[in-house]
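The next block holds one structure in the form of structure tokens; read it before the comments.
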2 protein chains.
Amino acid sequence: MRIGELAERAGVSTRTLRYYESRGLLPAADRGANGHRVYGDDALRLVAQIRTLQDFGFELEDTRPFVECLRAGHPAGDSCPDARAVYRRKIAELDGLMAELRSARDHLTAQLARAEALPPPCGAGGSDTDVPLCGG
Amino acid sequence: MRIGELAERAGVSTRTLRYYESRGLLPAADRGANGHRVYGDDALRLVAQIRTLQDFGFELEDTRPFVECLRAGHPAGDSCPDARAVYRRKIAELDGLMAELRSARDHLTAQLARAEALPPPCGAGGSDTDVPLCGG
DNA sequence: GCTTGTCCTGACGTCGGCGTCAACGTCTAA
DNA sequence: TTAGACGTTGACGCCGACGTCAGGACAAGC
């Protein structure tokens, strides 16, 4: 399988595949006599693993243990301790991030409520204001 | 007040202040004869407003209605309808983002539990593994 | 006159994950 | 034989919010 076919089957661009290779994530199994990259069917699983994790918000570097686990012949990317450690770290990161977002959200909600409770200012920006201009 | 003093009092860099100006957020009140920027005391409030919102995850552009509201002489940055609309939009964005993160977190947690339930693979990455190598 | 301190503008660097283009080689079907 | 579809490498562009450097101007104090 050449890069174009792998790209199409995996639903990514050839540029993406070359980028993965440049990061050492997905080296081509071989090169043809013409220098073209040649991939085995397993490459499809590797790309799918990367994409799945990226969808969960993983950076490329965080997918490495999973990919290497698969390449080592293990049945799943998360069969290896390194990969599971990334799972745990990511879950912790998400928890921390969500806590921050919750805090920000609560703060903003309170600010909005406070602002809305105040009398509307006169001619204060926004074309959809229904308060008459003051003074004059 | 010149840029250095404003920067120090506001707790930002001079580069940041010049950047804000380049974005049209914080034009200097005036220029001295030597071309130096001159700010009034109100600039300090504008910068504080920007930083506060940035801490909540606002992009610079999203702080514009608040800053303009202040510059228009209103008592608070969120006195104006435009600014409050941004509040609402941001809250909605946060809600959406948190929902995504929750979903990802739940998914990862389930994946981790599933992976942990499986028998540990043999010599599968990770130096801290306590399972003996298989085969041999 | 020299140093020190503050200011100016302009421009490139950073980070991640590619998109996009250039300029070229290679393979295949008509 | 030639067009066109595929492949190659290299390099710049993008986004956001600045950091950092280059090169220069101006004022005060010694």
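Chain identifiers are assigned alphabetically (A, B, ...) following the order of the sequence lines, protein sequences preceding nucleic acid strands; residue numbering begins at 1 within each chain. Here the structure is a predicted model, which is why all the values come from computation and not from measurement.
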field: Listed nucleotide nearest any side-chain atom of B:R51, set D:dC18, C:dC8, C:dG16
entry: D:dC18

message: Rounding to an integer number of Å, can you tell me how far B:R64 CZ sits from D:dA17 P?
response: 11 Å

message: Can you measure B:Y19 atom OH to C:dT9 atom P for me and round it to whole angstrom units?
response: 17 Å

message: On DNA chain C, does the nearest nucleotide to B:E5 precede the nearest nucleotide to A:T14 from the 5' side, or the other way round? Give the residue.
response: B:E5

message: Over 60° means perpendicular and under 30° means parallel, so tell me whether A:F56 and B:H107 are parallel, tilted or perpendicular.
response: tilted

query: So does A:Y20 get a side-chain nitrogen or oxygen closer than 4.0 Å to the phosphate oxygens (OP1/OP2) of C:dG17?
result: no

message: Does any part of the side chain of B:E5, heavy atoms only, come nearer than 4.5 Å to the side chain of B:E8, both counted from C-beta?
response: no

- prompt: Looking across every strand, which nucleic acid part, if any, lies under 4.0 Å from B:E61 by heavy atom: base, sugar-phosphate, or nothing?
  reply: nothing

- request: Return the value, rounded to whole Å, for the distance between atom CZ of B:R23 and atom P of D:dC15.
  value: 11 Å

- prompt: More 5' along DNA chain D: B:N34 or A:I3, using each one's nearest nucleotide?
  reply: A:I3

- request: Find which nucleotide of DNA chain D each of B:H36 and B:F58 is nearest to by heavy atoms, and output the residue with the more 5' nucleotide.
  value: B:F58

query: Roughly, in whole Å, what's the span from CG in B:L26 to P in D:dC18?
result: 12 Å

- prompt: Taking atom CG of B:L108 and atom CG of A:D78, what is their separation to the nearest 0.5 Å?
  reply: 10.0 Å

- line: Separation of D:dC26 atom C1' from B:R37 atom CZ, nearest Å, is 16 Å

field: Heavy-atom neighbours of A:D41 CG exceed 12 at 6.0 Å
entry: no

message: Is there, by distance only and without an angle test, a donor paired with an acceptor across the side chain of B:R15 and the base of D:dT20 below 3.5 Å?
response: yes

query: Atom CZ of B:R18 to atom P of D:dG19: distance rounded to whole Å?
result: 11 Å

- prompt: Atom CG of B:L17 and atom P of C:dT9: how far apart are they, to the nearest Å?
  reply: 13 Å

query: Which one, D:dC18, C:dG17, D:dT9, comes nearest to the side chain of A:Q54?
result: C:dG17

message: Suppose we call a contact any N or O donor and acceptor under 3.5 Å apart; does that hold for the side chain of A:R2 and the base of D:dG7?
response: no

message: OP1 or OP2 of C:dG17 versus the side-chain N and O atoms of A:T16: is any pair under 4.0 Å?
response: no

field: Separation of D:dA17 P from B:I50 CD1 (nearest whole Å)
entry: 11 Å

message: Distance check, rounded to the nearest 0.5 Å: A:R102 atom CZ versus B:M98 atom CE?
response: 5.0 Å

